[in-house]
Undergrad: 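Have a look at this one before I ask anything.
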Amino acid sequence: MTAVTGSSLVARLRRVVPLVVRQRIENSRLVVRHRSRFANVFHCTVYRTGSQWMRRLLSDWRVYRYSGLVYEMRFERILGSAEHPDRTVAPRFPFSEPFAPGLIVGLYASHEGYARIPKAGDNRTFFVLRDPRDIVVSHYFASLRDDRGSGARRASRVPREPEAGMAWMMEWLDAIGLFTAMRSWVERGAGDPGTLVLRFEDLVGPRQVEVFEALLAHCDIAMPSGVVRELLDDYTFAVISGGRRSGEEDRWSHYRKGVAGDWRNHLTAGHLGKFRSLTGDLVTLAGYEG
């Protein structure tokens with residue numbers, strides 16, 4: 001009896017299976033056309049840096065098709081450091097085992113917190129920065145609209161008057177280690193070839209396609225340029241905000257305004273002085289203008 005090789009079997013199937021069926025299979029969203037060589041990709045960030053927008057993008061079927069990776073958002077906060085090991089949501093460090101292969105893992109993490117996670121196999125990491133002054137403003141408005149869970153408890157303490165509210169928010173973000181976490185990635189993560197440090201402003205700015213393609217290449221997600229553009233077009237600010245253009249504000253939406261530099265419209269000279277006392281040279285270190 002003649003042995004059937006893999007190539008001859010494929011040739012026979014092509015003769016038997018109708019062309020239209022083969023095309024439907026090949027075009028299926030479940031068919032992986034390229035599998036990333038990395039066991040895991042870690043999407044690390046802090047609050048109010050487009051994390052939910054990025055989650056939606058990286059959960060899209062096109063990312064799976066060209067990487068074989070599935071996105072999983074973990075909401076445990078691991079902003080702790082050796083000086084402040086208690087800056088986590090859980091009473092103890094929540095990650096004791098490596099993540100299952102094939103996941104893109106979303107984390108709110110300092111570099112030190114991320115480094116403590118056990119890892120199996122090769123992996124890649126990227127961290128998304130945002131102007132920390134815009135984070136203050138964005139989180140202030142987000143807290144005002146929170147009405148459930150831990151957000152409601154925080155919102156009940158945030159002064160609703162902006163002068164006091166912005167100052168309160170700066171102190172709270174500093175207390176949970178958000179500014180320290182950002183600094184840790186700029187100082188330590190940027191020197192690691194397995195880590196890509198990105199700015200949120202570049203991910204949504206005029207160089208969006210170029211920057212996003214560099215991110216995908218870093219993660220070995222082999223998505224063609226035309227597909228990258230289609231993906232980004234499906235998740236523009238207008239699409240995810242329900243039709244508003246970038247700059248049109250809805251204070252009660254998760255996607256409030258969609259512009260960089262909005263801090264200039266809300267932070268006073270007094271606020272900025274307080275911010276500098278809390279964060280030092282973080283703005284300059286992160287590559288933003290003072």
Side-chain angles (χ1 to χ4, degrees), residues 32 34-60 63-130 135 149-150 173-200 203 212 214-223 286:
V32 175
H34 172 80
R35 195 167 293 278
S36 175
R37 67 183 183 274
F38 300 113
N40 295 121
V41 169
F42 291 91
H43 163 211
C44 298
T45 191
V46 294
Y47 298 149
R48 312 310 301 173
T49 56
S51 56
Q52 299 311 308
W53 171 72
M54 184 65 77
R55 176 184 61 81
R56 293 175 67 173
L57 272 169
L58 296 179
S59 298
D60 188 272
V63 173
Y64 176 73
R65 169 178 280 188
Y66 293 102
S67 69
L69 299 171
V70 176
Y71 192 91
E72 178 178 301
M73 187 74 201
R74 300 300 298 261
F75 289 97
E76 295 93 338
R77 187 181 70 220
I78 49 172
L79 304 179
S81 64
E83 295 80 14
H84 300 283
D86 58 334
R87 286 173 171 170
T88 61
V89 170
R92 62 179 64 86
F93 191 73
F95 305 114
S96 59
E97 300 291 336
F99 286 98
L103 292 178
I104 303 173
V105 183
L107 298 165
Y108 296 116
S110 66
H111 187 272
E112 189 168 334
Y114 154 80
R116 290 177 60 190
I117 298 173
K119 301 173 185 70
D122 293 335
N123 59 80
R124 279 293 169 94
T125 304
F126 67 97
F127 179 80
V128 180
L129 284 169
R130 186 183 182 185
I135 290 177
S150 60
L173 292 173
D174 181 58
I176 68 168
L178 183 139
F179 301 132
T180 303
M182 293 182 69
R183 179 180 293 273
S184 73
W185 284 97
V186 176
E187 293 181 338
R188 304 174 205 173
D192 177 4
T195 298
L196 183 64
V197 177
L198 300 165
R199 301 199 323 171
F200 170 71
L203 284 167
F212 206 82
L215 168 60
L216 296 179
H218 174 75
C219 302
D220 192 27
I221 300 173
M223 188 180 296

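Remember, predicted model here, so these are calculated numbers, not experimental data.
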Undergrad: Working to the nearest 0.5 Å, report the span between CG of Asn123 and CG of Leu103.
TA: 12.0 Å

Undergrad: Run the side-chain hydrogen bond (donor to acceptor under 3.5 Å, both in side chains) test against Ser81 and tell me which residues pass, sequence neighbours left out.
TA: Glu83

Undergrad: Using side-chain heavy atoms (C-beta onward) and a distance below 4.5 Å, is Leu215 in contact with Leu196?
TA: yes

Undergrad: Taking Leu129 as the fixed residue, which of Thr45, Val186, Leu198, Thr49 is the one that meets the side chain to side chain contact (heavy atoms under 4.5 Å, CB included) rule?
TA: Val186

Undergrad: Return yes when atom CG of Asp192 has more than 12 non-hydrogen atoms of other residues, nucleotides or ligands closer than 6.0 Å, and no otherwise.
TA: yes

Undergrad: Backbone N or O of Arg48 within a donor-acceptor pair of the Arg130 side chain at under 3.5 Å?
TA: yes

Undergrad: For the residue pair Tyr114 / Thr125, report whether a side-chain donor-acceptor contact shorter than 3.5 Å exists.
TA: yes

Undergrad: Do the side-chain N and O atoms of Arg124 and His218 include a donor-acceptor pair separated by under 3.5 angstrom?
TA: yes

Undergrad: Between the side chains of Ser51 and Tyr108, does any donor sit under 3.5 Å from an acceptor?
TA: yes

Undergrad: Does Phe126 form a ring-ring contact (aromatic ring centres under 6.0 Å, His included) with Phe42? I'd like the steps, not just the answer.
TA: CA-CA 6 Å; Phe126 67 97; Phe42 291 91; over 10 Å; no

Undergrad: Looking at residues at least two apart in the chain, or sitting in another chain, which of them share a ring-ring contact (aromatic ring centres under 6.0 Å, His included) with Phe179?
TA: Phe275

Undergrad: Using distance only, find each side-chain donor-acceptor pair of residues 88-97 under 3.5 Å and give its atom names and separation, not counting sequence neighbours.
TA:
{"from": "Thr88", "atom 1": "OG1", "to": "Ala90", "atom 2": "O", "distance (Å)": "2.8"}

Undergrad: With a 4.5 Å cut-off on side-chain heavy atoms, are Leu57 and Val63 touching?
TA: no

Undergrad: In terms of side-chain heavy atoms, does His34 have a donor or acceptor partner in Asp220 at a distance below 3.5 Å?
TA: yes

